[in-house]
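We name chains A, B, ... by the order of the sequence lines, and we start the count at 1 in each one.
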Number of protein chains: 2
Amino acid sequence: MTAIGFRSHDHAQCVSTTLARAERYCVEKKLKFTAIRRRSLEILLAEHRALGAYDLLAVLGEEGLGTAPPVAYRALDFLTSAGFAHKIEGLNAYIACAHLGADHAPAFLICTSCKSVAEAEADATEGQLGEVARATGFTIRRTVIEALGLCPNCQPEAPCA
Amino acid sequence: MTAIGFRSHDHAQCVSTTLARAERYCVEKKLKFTAIRRRSLEILLAEHRALGAYDLLAVLGEEGLGTAPPVAYRALDFLTSAGFAHKIEGLNAYIACAHLGADHAPAFLICTSCKSVAEAEADATEGQLGEVARATGFTIRRTVIEALGLCPNCQPEAPCA
DNA sequence: GGTTGATATGTTATACCATAACACTTAGCA
DNA sequence: TGCTAAGTGTTATGGTATAACATATCAACC
Ligand SMILES: [Zn+2]
Ligand SMILES: [Zn+2]
Ligand SMILES: [Zn+2]
Ligand SMILES: [Zn+2]
């Protein structure tokens with residue numbers, strides 16, 4: 001349950017190990033980690049923040065990798081299908097997975113002030129959703145678990161104001 | 001934790017008691033439950049399914065209550081602010097609250113086959129989100145908790161196929 | 001090497017979701 | 001009555017996402 005993203009960390013390493021894992025996963029699964037896909041993941045990885053599809057597209061455009069929306073959405077489809085990125089439904093935005101390689105149900109803490117996002121691992125079969133699902137006979141395929149609020153760095157100042 | 005929506009129930013009563021509660025809440029809080037707002041809630045209440053804003057708008061349009069998008073979005077703003085309806089982020093759609101009156105953090109079970117939605121009550125301070133938030137010093141303001149899958153009525157058939 | 005089929009990419013157009021901005025109306029109240 | 005706040009009508013626009021079809025790439029197979 002490392003809620004990385006709010007704490008400072010060796011981000012260069014954080015990026016390089018994630019890319020290496022993605023690379024290896026693609027070899028194992030015979031997926032094609034093409035230039036656009038790889039670069040898209042790098043762009044998402046640059047910060048622990050969610051990017052809109054069109055934000056991603058703008059960067060790809062500057063680099064001559066494509067300017068039409070499908071370019072970005074296809075890359076994002078690939079990344080999310082492979083588990084390399086997740087969609088933040090509450091923001092209509094996308095973020096690189098912080099636990100790449102682990103099969104997991106992500107849960108997100110989203111700071112509405114600084115827009116940073118921390119990813120925690122949830123267990124879909126536990127918690128309230130799992131309980132209700134079991135009780136009603138519902139079969140869970142995918143979960144969207146997001147909390148909007150203020151990160152440790154953006155807490156309101158002391159109450160003496 | 002009544003996951004109404006998947007089970008058959010006396011829906012006429014389900015609708016009328018919800019409308020009555022909304023009515024009373026508006027009187028208490030001095031909110032204006034205008035024709036457009038009331039009718040919008042009725043439309044959302046008609047089924048335990050999520051409707052897009054433009055779906056709602058289409059019905060309002062047929063009834064001469066307005067045809068431009070802001071009509072629907074204003075009504076939805078009112079309903080969601082008052083707690084009479086919730087947005088399903090995973091569908092960009094809206095649903096009438098099934099626990100109107102209770103102050104609650106909703107959690108949804110969404111059937112991807114028949115599109116019906118069940119609302120359960122979650123507790124933001126519990127469960128995995130709450131744990132992680134406490135551990136990291138994150139302050140939760142709002143939660144989005146949704147499960148996509150198959151409702152009891154849409155389970156795959158017997159495995160003898 | 002050439003054929004073939006599957007996958008990826010380039011491109012145009014369009015559909016869907018949501019809000020800005022401003023004019024006008026209505027209801028409540030000094 | 002005149003003021004103010006809130007609601008409504010309307011136009012225009014911005015943001016998100018996909019359909020559809022042409023072209024290119026690559027590996028498997030003959
Ligand atoms: Zn990092
Ligand atoms: Zn923050
Ligand atoms: Zn009902
Ligand atoms: Zn169903």
Side-chain angles (χ1 to χ4, degrees), chain A residues 22 26-41 43-44 49-82 84-95 115 144 146 148, chain B residues 22 26-41 43-44 49-82 84-95 110 112 115 144 146 148:
Chain A
C26 287
V27 171
E28 277 173 15
K29 302 277 186 177
K30 298 199 196 306
L31 298 174
K32 297 182 186 174
F33 203 33
T34 64
I36 294 178
R37 293 169 176 179
R38 185 195 172 90
R39 186 66 192 124
S40 295
L41 179 56
I43 291 164
L44 291 181
R49 296 205 307 129
L51 255 61
Y54 283 71
D55 296 331
L56 169 61
L57 183 59
V59 180
L60 293 176
E62 286 172 6
E63 303 179 359
L65 290 171
T67 58
V71 171
Y73 283 101
R74 284 169 183 157
L76 290 168
D77 275 352
F78 173 83
L79 295 176
T80 52
S81 297
F84 297 171
H86 304 291
K87 181 172 185 184
I88 306 291
E89 296 288 351
L91 300 176
N92 292 320
Y94 303 82
I95 189 163
K115 312 293 182 192
V144 176
E146 302 171 4
L148 303 172
Chain B
C26 287
V27 171
E28 277 174 14
K29 301 278 185 175
K30 298 200 197 305
L31 299 175
K32 298 181 185 175
F33 203 32
T34 65
I36 294 178
R37 292 168 176 180
R38 184 193 174 90
R39 186 66 191 121
S40 294
L41 179 55
I43 292 164
L44 291 182
R49 297 205 305 129
L51 257 61
Y54 283 71
D55 296 332
L56 169 62
L57 181 60
V59 180
L60 292 175
E62 287 172 6
E63 303 180 0
L65 289 172
T67 58
V71 172
Y73 283 100
R74 284 169 184 157
L76 289 168
D77 275 353
F78 173 83
L79 296 176
T80 53
S81 297
F84 297 171
H86 304 292
K87 181 174 186 183
I88 306 291
E89 297 288 350
L91 300 177
N92 291 319
Y94 303 82
I95 190 164
I110 303 157
T112 53
K115 314 291 183 194
V144 176
E146 302 172 3
L148 304 171

Next on the checklist: Using whole Å, what does the distance between atom P of nucleotide D:dT8 and atom CG of B:L60 come to?
Outcome noted: 11 Å
Next on the checklist: Tell me the interatomic distance from A:R39, atom CZ, to C:dT9, atom P, rounded to whole angstroms.
Outcome noted: 16 Å
Checklist entry - So which heavy atom on B:Y94 is nearest to which on B:L44, and how close? => result O-CD2, 3.8 Å
Item to check | Between C:dC16 (P) and B:D55 (CG): distance, integer Å | outcome: 10 Å
Item to check | Under 4.0 angstrom between B:T67 side-chain N/O and D:dG9 OP1 or OP2 | outcome: no
Checklist outcome for this item: Between the CG atom in A:L57 and the CG atom in A:L51, the distance rounded to the nearest 0.5 Å is 11.0 Å
Next on the checklist: Going by side chain to side chain contact (heavy atoms under 4.5 Å, CB included), name the residues that satisfy it together with A:N92, two or more places apart in sequence or in a different chain.
Outcome noted: A:K87, B:N92
Taking only distance into account, with no hydrogens and no angle test, what donor-acceptor pairs under 3.5 Å do side-chain atoms of residues 58-76 of chain A form with protein atoms, sequence neighbours excluded?
{"residue": "A:E63", "atom": "OE1", "partner": "A:R39", "partner atom": "NE", "Å": "2.7"}
{"residue": "A:E63", "atom": "OE2", "partner": "A:R39", "partner atom": "NE", "Å": "3.3"}
{"residue": "A:E63", "atom": "OE2", "partner": "A:R39", "partner atom": "NH2", "Å": "2.8"}

Checklist outcome for this item: Result for 5'-nearest mapping on DNA chain D, choosing between B:A68 and B:A35, is B:A35
Between N or O atoms, less than 3.5 Å apart, protein on one side and nucleotides 13-17 of chain D on the other: list the pairs.
{"residue": "D:dA17", "atom": "OP1", "partner": "A:K87", "partner atom": "NZ", "Å": "2.5"}
{"residue": "D:dA17", "atom": "OP2", "partner": "A:Y73", "partner atom": "OH", "Å": "3.1"}
{"residue": "D:dA17", "atom": "OP2", "partner": "A:Y94", "partner atom": "OH", "Å": "3.4"}
{"residue": "D:dA17", "atom": "O5'", "partner": "A:Y73", "partner atom": "OH", "Å": "3.4"}
{"residue": "D:dA17", "atom": "N7", "partner": "A:Y54", "partner atom": "OH", "Å": "2.7"}
{"residue": "D:dA17", "atom": "N6", "partner": "A:Y54", "partner atom": "OH", "Å": "3.4"}

Checklist outcome for this item: Of all heavy-atom pairs linking A:L79 and A:L41, the shortest is CD1-N, 3.8 Å
Checklist entry - Looking at B:A22 and B:F33, what are the two nearest heavy atoms and their distance? => result CB-CZ, 4.1 Å
Item to check | Approximate separation, where rounding is to 0.5 Å, of B:I88 CD1 and A:E89 CD | outcome: 11.0 Å
Checklist entry - Atom NZ of B:K29 to atom P of D:dA6: distance rounded to whole Å? => result 17 Å
Checklist entry - When the distance from CG of B:D77 to P of C:dC17 is rounded to whole Å, what number comes out? => result 16 Å
Checklist outcome for this item: Taken in chain and number order and not counting sequence neighbours, the residues that satisfy side-chain hydrogen bond (donor to acceptor under 3.5 Å, both in side chains) with B:E146 are none
Checklist entry - What string of B, S and - do you get for nucleotides 20-30 of chain C, 5' to 3', if B is base contact, S is sugar-phosphate-only contact and - is no contact with any protein heavy atom under 4.0 Å? => result BB---------
Next on the checklist: Checking B:K30 now: which residues fulfil side chain to side chain contact (heavy atoms under 4.5 Å, CB included) with it, not counting sequence neighbours?
Outcome noted: none
Next on the checklist: Can you confirm whether B:C26 sits close enough to B:F78 that some side-chain heavy atom of one is under 4.5 Å from a side-chain heavy atom of the other?
Outcome noted: yes
Checklist entry - Can you check the B:E63 CD to D:dT8 C1' distance for me, whole Å? => result 17 Å
Checklist entry - Could you give the CZ-to-P distance, from B:R38 to D:dG7, as a whole number of Å? => result 17 Å
Item to check | Residues that B:R37 engages under salt bridge (charged side-chain N to carboxylate O under 4.0 Å, His left out), provided they are two or more places apart | outcome: none
Item to check | Distance in angstrom units between B:L76 CG and D:dT8 P, rounded | outcome: 13 Å
Next on the checklist: Side chain of B:I36 only, heavy atoms from C-beta on: which candidate in D:dT10, C:dA8, D:dT8 is closest?
Outcome noted: D:dT8
Checklist outcome for this item: the helix from C:dG1-D:dC30 to C:dA30-D:dT1: angle between terminal helix axes, five bp per end, to the nearest 10 degrees, reads 20°
